[in-house]
J.: 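For reference, the structure I am asking about is given below.
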Amino acid sequence: TIIIRDDRIITRNVGSMHFYNDGFGAGVFAHELQHFIQDWIALGGVDETDSEAAPTLAGDLTNAFWRWFYDTFKEVHSGD
């Protein structure tokens, strides 16, 4: 759902990550996650008065991503 209000586009989609075979690793994920967190803070999605808010978000998103990644691709390259 996209809503346009006061010349701003409002959507639940804040960003996306695009990965390709043989060019993805933890460093790429960490780099792209940092972009997302910076944008999320700018949008007011993180309580800047709580020093643990952004690190907790980073940890939660990292854990969720790697659980999804390994569940989704556990048989790909399992013998490499």
Side-chain angles (χ1 to χ4, degrees):
T1 302
I2 296 176
I3 301 168
I4 299 176
R5 182 180 306 143
D6 299 324
D7 295 326
R8 293 179 62 200
I9 298 173
I10 301 169
T11 177
R12 290 184 58 143
N13 184 9
V14 175
S16 61
M17 292 186 179
H18 302 271
F19 306 112
Y20 57 96
N21 292 339
D22 300 324
F24 172 76
V28 172
F29 175 76
H31 177 95
E32 296 305 327
L33 180 62
Q34 186 59 43
H35 284 298
F36 166 79
I37 290 174
Q38 287 175 266
D39 291 345
W40 193 242
I41 290 169
L43 289 170
V46 173
D47 179 0
E48 293 183 76
T49 64
D50 180 356
S51 64
E52 287 297 314
T56 298
L57 176 62
D60 291 348
L61 292 173
T62 298
N63 289 334
F65 172 79
W66 286 112
R67 274 194 302 274
W68 167 82
F69 183 86
Y70 286 117
D71 286 347
T72 302
F73 300 106
K74 63 185 166 190
E75 294 186 25
V76 177
H77 300 295
S78 62
D80 292 349

J.: Roughly how far, to the nearest 0.5 Å, is the CD atom of Gln34 from the CG atom of Asp39?
T.: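 The CG atom of Asp39 sits 10.0 Å away from the CD atom of Gln34.
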
J.: To the nearest 0.5 Å, what is the distance between CG on Leu33 and CG on Leu61?
T.: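 It is 5.5 Å, given to the nearest 0.5 Å.
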
J.: So, taking the atom named CG in Asp71 and the one named CH2 in Trp66, what distance separates them when rounded to the nearest 0.5 Å?
T.: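 Interatomic distance, Asp71 CG to Trp66 CH2, rounded to 0.5 Å: 12.5 Å.
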
J.: Donor-acceptor pairs under 3.5 angstrom involving side-chain atoms of residues 48-56: please list them, not counting sequence neighbours.
T.:
from	atom 1	to	atom 2	distance (Å)
Thr49	OG1	Asp47	OD1	2.5
Thr49	OG1	Asp47	OD2	3.2
Asp50	OD1	Glu52	N	2.9
Thr56	OG1	Glu52	O	2.7

J.: Anything under 30° is parallel, anything over 60° is perpendicular, the rest tilted; go ahead and classify Phe65 against Phe29.
T.: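 Aromatic pair Phe65/Phe29 classed parallel.
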
